[in-house]
Amino acid sequence: MDFQLESTYKPTGDQPNAIEKLAISIDQQNPHQTLVGVTGSGKTFTIANVIQKTQLPTLVMCHNKTLASQLYQEFRDFFPHNAVSYFVSYYDYYQPEAYIPQTDTYIEKEADINPEIDKFRLTTTANLLSRPDSIVVASVSCIYNIGSPLDQEKNQLPLARGQVISRDTVLMRLSDLQYMRTNAELVRGMYRAVGNSVQLFPSYKDVIISMQFDDTTLTNIEILDPFNYTKIEDEDLDNTGFLTIHPAKLFITDPRNQGEAIANIRRDLETQVKNFKDAGKLIEAHRIEQKVNYDLSMLEEVGYVSGIENYSRYFDGRVPGSAPYSLFEYFHYNAKKFNKPGFLTVIDESHISLPQVRGMYNGDQARKENLINFGFRLPSAKDNRPLTYTEWQSRTPIKLYCSATPTEHELSLSQTSTIPTVAEQLIRPTGLLDPEVFVFPTKGQIDHLTQEVIRRKEIGERTLILTMTKRMAEDLSDHLKEKYDLKVEYLHSDIHTMDRADILDKLRLGDFDCLVGINLLREGLDLPEVSLVAILDADKEGFLRTPTALIQTMGRAARHVNGRVYLYADRISNSMKIAMDETLRRRKIQMDYNTEHGQSPVGINKPIRDRLFKAESTTPLPKIKELAEHGWMEIEDVNAEALTPQKKKILVVKLKKMMNQAANSWNFELAARYRDTIKKLQ
């Protein structure tokens, strides 16, 4: 299927020129091109048009999950008939395995995997293996090790109505694909067998696959709604009754390679134990022997072990030091399978994303070094790693850098490329101008700013305030709430990743009037209701007050007709001057264009999209028998001492289920109440 862009918009301003220039460059396999686009100029729409013109499978990389989720929804709306996927780190919380020699402290890997994001990741790889029209929006974490596309392809299970295959054979194959069998509730990644029927909840879709068998034949396949088990239509089950079941995990081992892999692990274990003993490190020798032998016994018994990615080099057949498989191998596989000339990598907000790519490898290797030297991991763990910057460059043959403030690195690559291609996009389709910038002294800044927030609240507009630290953000929020009774929230890195999008939606809806943050308010946030951006300590040179940071932050006010920026400072720093001069340059070009074309600025009225993660069920939460038996009305009434150990276990299982259901419904307050009660019981 071809990429089919659907939109009520037509390219305007300098969009047509940028689209044509970039598409020609990409069609000629130019390795580097840059789109310099101001906030609100429709960079995403331009990229969507480039994708339609070039018809290349596309990876869109950006530097955080919040921006990735926004871009995913935009591309999904632009390409409703194509395979648009979302690929970010699936951890809600992640503490990597580490060892601190100075204090002899071993920190075990601790992770809280978000099952919804895991589903999106598996959908991504399934689409790349089966769809030529794939667009993937990913965070920079896509440079990390995942399983081989060849192993994923070989471990697919093709099924069709009327196929000669027994029920037991299908059950064995599902186990090989890392699906778990259950006789209880069917959840994602599990299957159950009742009589001649097998029901599977695949890891990558929100459906139930129901299969009916007679003695030797798969007689029927149906797709069911996972909530009420009614029959539904699904594009993956075609008119011929053919269906492909993909593995439950990204790391899947080929049983045919498992014996050789385990033998190689044992050989390296023996070598490492000998090295430790020869060096007189008996504790380290004992530690690595215990750890690896346990992992090997799990691999032999069930074919999987927690931390299997640390042994990925053996299963992939890679030599020591070689680059791991990553999402880019899936794109190369996709391009080859569907006879495409390659694929396009779009690096959104490249001034932030590229430094992230450069920095990930060194930090990962330093942590692994200690684990290996002190006997917690084999040396092969070093090969479970992110790509180096050089490896990433070599795996992305066609790159489109996209930013309002690209660095000299991207610009120089694009200007010295085979066909020098830098497209500038300064004109907004709405005629909106870059905001006016005003500088105020720091003395009395809070009182002055408060009055401005109140003034905008009265006319239904919103304000963003940028501070230097988390503590300042929280304290200022409390001050504005308590002293002036303003509706204020703060946003920084301690806020749960998926809660950030919710906070931004509430700002747009008017649930509060002002949002205080640090540097999370810069790149890519689409907030057309914001008319004022206030930056405190604007003259403090540093990471948060560089010219790039200031230009990006000031751009948040460029989506409103009354957009203004207030810089509170006691001097005009060099960074401030550069940012103000660039904003003024762009504003003049935009004003001249509007005058020439008789256009007046028009505010944006943009609908708020549905949340990316929706509730899995709309049914009411079940009542808990154990509470009623003791006359407890609320979960907080639970008295752990009144329950037997067995009843405690039963109640914990029920509460965990209800906690997850509440969290999936975005009812985080209720989920927290369940969590606290579970802790009390445990």
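- Here the CD1-CD1 distance, from I19 to I51, works out to 11.5 Å after rounding to the nearest 0.5 Å.
- Taking CG of L56 as the start and CG of D27 as the end, the distance is 7.0 Å to the nearest 0.5 Å.
- Between the side chains of R556 and T39, a donor-acceptor pair is found at a separation under 3.5 Å.
- Side-chain atoms of Q590 and D434 form a donor-acceptor pair, as typed in the model, at a separation below 3.5 Å.
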Q: Go through L507 and E529 one step at a time and tell me if the side chain to side chain contact (heavy atoms under 4.5 Å, CB included) criterion holds.
A: CA-CA 8 Å; L507 176 71; E529 293 77 13; over 6 Å; no
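- In this structure, L22 and T46 approach most closely via the heavy-atom pair CD1-CG2, 4.5 Å.
- Rounded to the nearest 0.5 angstrom, N64 CG and S139 OG are separated by 8.5 Å.
- Note that CG of D537 and OG of S573 are 11.5 Å apart. Values are rounded to the nearest 0.5 Å.
- No donor-acceptor distance shorter than 3.5 angstrom exists from the side chain of D539 to the backbone of A569, with no hydrogens or angles considered.
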Q.
Checking T553 against L544 for the side chain to side chain contact (heavy atoms under 4.5 Å, CB included) test, could you report, in this order, the C-alpha distance in whole Å, the side-chain angles of both residues, the deciding distance, and whether it holds?
A. CA-CA 10 Å; T553 305; L544 299 177; over 6 Å; no
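- The main-chain N or O of L504 is never found under 3.5 Å from a side-chain atom of E489 such that the two would form a donor-acceptor pair.
- Side-chain contact check for S575 and E541: at least one donor-acceptor pair (N or O, by modelled atom type) lies under 3.5 Å.
- R131 and N334 make their closest contact through O-ND2, 2.7 Å (heavy atoms, listed as atom of the first residue, atom of the second, distance).
- Taking 4.5 Å as the limit, some side-chain heavy atom of I427 sits within range of a side-chain heavy atom of I589.
- Judged purely by atom type and a 3.5 angstrom limit, S414 has no side-chain atom pairing as donor or acceptor with the backbone of L411.
- Atom NZ of K540 is surrounded by more than 12 heavy atoms from other residues, nucleotides or ligands within 6.0 Å.
- Side chains of N30 and S417: a donor on one and an acceptor on the other come within 3.5 Å.
- Closest approach of F45 to K10, counting heavy atoms only: CE2-C, 3.9 Å.
- In this structure, the side chains of C402 and K43 come closer than 4.5 Å at one or more pairs of heavy atoms.
- Considering only heavy atoms from C-beta on, K21 comes within 4.5 Å of T421 through its side chain.
- H81 is listed as a side-chain neighbour of E6, based on a closest heavy-atom distance under 4.5 Å.
- Panel note: side chain T469, backbone T467; no donor-acceptor pair is recorded below 3.5 Å.
- A donor-acceptor pair shorter than 3.5 Å cannot be found between the side chains of T345 and T396.
- Here the side chain of R385 pairs no donor or acceptor atom with the backbone of D364 at under 3.5 angstrom.
- Salt-bridge check for R564 with E461: failed, with every basic side-chain N at 4.0 Å or more from each acidic carboxylate O.
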(Q) Is there a ring pair (Phe, Tyr, Trp, His ring centres under 6.0 Å) between H351 and Y401? Walk through the geometry before answering. (A) CA-CA 9 Å; H351 63 285; Y401 309 108; over 10 Å; no
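- D133 and K340 are not joined by a salt bridge, as no carboxylate oxygen comes within less than 4.0 angstrom of a charged side-chain nitrogen.
- The CG atom of L327 sits 8.5 Å away from the OG1 atom of T125 when rounded to the nearest 0.5 Å.
- Summarising the local packing, CZ of F438 is surrounded by more than 12 heavy atoms from other residues, nucleotides or ligands at distances under 6.0 Å.
- Here CD1 of I578 is found 11.5 Å from OG1 of T583. Values are rounded to the nearest 0.5 Å.
- Using a 4.5 Å heavy-atom cutoff, the side chains of M468 and R545 are in contact.
- For Y361 and Y389, the ring centers are positioned 6.0 Å apart or more.
- Heavy atoms only, all atoms of each residue included: L5 and A48 are closest at CD1-CB, 3.9 Å.
- Salt bridge absent: D581 and R585 never bring a charged side-chain N and a carboxylate O closer than 4.0 Å.
- V136 is not listed as a side-chain neighbour of Y330, based on a closest heavy-atom distance of 4.5 Å or more.
- Side chains of Y566 and H448: a donor-acceptor N/O pair is absent below 3.5 angstrom, by distance only.
- Using a 4.5 Å cut-off on side-chain heavy atoms (C-beta onward), L413 and Q393 make contact.
- For K53, the NZ atom counts as loosely surrounded, since its 6.0 Å shell holds 12 or fewer non-hydrogen atoms of other residues, nucleotides or ligands.
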**Q.** Stepwise side chain to side chain contact (heavy atoms under 4.5 Å, CB included) test for T407 and L354
**A.** CA-CA 10 Å; T407 67; L354 289 181; 5.7 Å; no
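- The closest donor-acceptor contact from the side chain of S141 to the backbone of S89 lies under 3.5 Å.
- When all heavy atoms are compared, the tightest approach of A68 to V88 is CB-CG1, 4.0 Å.
- Listed for the R428 side chain is no donor-acceptor partner under 3.5 Å among the backbone atoms of L426.
- You'll find the side chain of L122 stays beyond 4.5 Å of the side chain of K119, heavy atoms only.
- Side chain of N82 to backbone of Q4: a donor-acceptor contact under 3.5 angstrom is found.
- Of all heavy-atom pairs spanning E410 and T34, the tightest one is O-OG1, 3.5 Å.
- Using modelled atom types, no side-chain atom of E596 and backbone atom of Y593 make a donor-acceptor pair closer than 3.5 Å.
- Inspection of the T463 and E452 side chains reveals no N or O donor paired with an N or O acceptor under 3.5 Å.
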Q) Could you go step by step and tell me if V488 and V516 meet the side chain to side chain contact (heavy atoms under 4.5 Å, CB included) rule? A) CA-CA 7 Å; V488 184; V516 186; 3.8 Å; yes
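- Remark: the backbone N or O of A23 is not paired with any side-chain donor or acceptor of T54 at under 3.5 angstrom.
- Taking the charged nitrogens against the carboxylate oxygens, R471 and E474 have no contact shorter than 4.0 Å, which rules out a salt bridge.
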